[in-house]
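Quick notes on the structure that follows.
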Amino acid sequence: MQATDIGTLIIKSSDTLGGRPRIAGTRVSVQRITAWYKMRLNAEEITERMGNVTLVQVYAALTYYHANREEIEGYIAAEKADYKNSYFR
């Protein structure tokens with residue numbers, strides 16, 4: 001069995017999702033995982049509902065969120081503001 005370098009599980013690249021942190025090899029953002037988590041789903045439930053991420057990847061995204069809460073909360077707030085601005089025009 002080979003060990004996984006957990007530092008490789010979450011990445012940022014300017015050409016994908018506007019540079020927001022995401023699960024490596026996917027277009028699943030930490031912000032999206034966080035949204036499910038804030039809806040009171042646990043990591044296992046998120047994995048089951050999404051179907052295209054592993055439990056390890058979900059835990060990595062949640063760890064990133066907790067370590068960088070201000071950054072992710074900023075993305076969430078900006079998305080809510082964009083939604084309100086476009087919806088209530």
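Bear in mind that the values here come from a model prediction, so they are computed numbers and not experimental data.
- Taking CE of M50 as the start and CD1 of I46 as the end, the distance is 8.5 Å to the nearest 0.5 Å.
- Rounded to the nearest 0.5 angstrom, R20 CZ and I10 CD1 are separated by 15.0 Å.
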Exercise. Could you walk me through whether E73 and K80 pass the salt bridge (Lys or Arg N to Asp or Glu O under 4.0 Å) check?
Worked result: CA-CA 10 Å; E73 291 294 341; K80 284 181 183 178; over 6 Å; no
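- In this structure a side-chain-to-backbone donor-acceptor pair under 3.5 Å is present from E45 to N42.
- For L55, the CG atom sits in a packed shell: over 12 heavy atoms of surrounding residues, nucleotides or ligands are nearer than 6.0 Å.
- When I72, T16, L17 are each tested for a side chain to side chain contact (heavy atoms under 4.5 Å, CB included) with S29, only one passes: L17.
- Defined by atom type and a distance below 3.5 Å, a donor-acceptor pair is present between the side-chain atoms of E71 and Y64.
- Between the side chain of T4 and the main chain of I6, no donor-acceptor pair closer than 3.5 Å is present.
- Between T47 and T54, every side-chain heavy-atom pair lies at or beyond the 4.5 Å cut-off.
- Other residues, nucleotides and ligands place more than 12 heavy atoms under 6.0 Å from the CZ atom of R69.
- One distance of note links CG of N52 with CZ of R27; it measures 12.0 Å at 0.5 Å rounding.
- Cluster membership for V58 and I11, using ILVMFWY side-chain heavy atoms within less than 4.5 angstrom, is not shared.
- In summary, the side chains of Y65 and Q31 do not present any donor paired with an acceptor at a separation below 3.5 Å, with no hydrogens or angles considered.
- Residue-environment remark: OH (Y75) exceeds the threshold of 12 foreign heavy atoms within 6.0 Å.
- Atom CD of residue Q57 and atom CG of residue L9 lie 7.0 Å apart, to the nearest 0.5 angstrom.
- R22 has its side chain out of reach of K12: every pair of non-hydrogen atoms, C-beta onward, lies at least 4.5 Å apart.
- Taking the six-membered ring where the residue is Trp, the centroids of H66 and Y59 are separated by 6.0 Å or more.
- In this structure, the side chains of V30 and N68 stay at 4.5 Å or more apart for every pair of heavy atoms.
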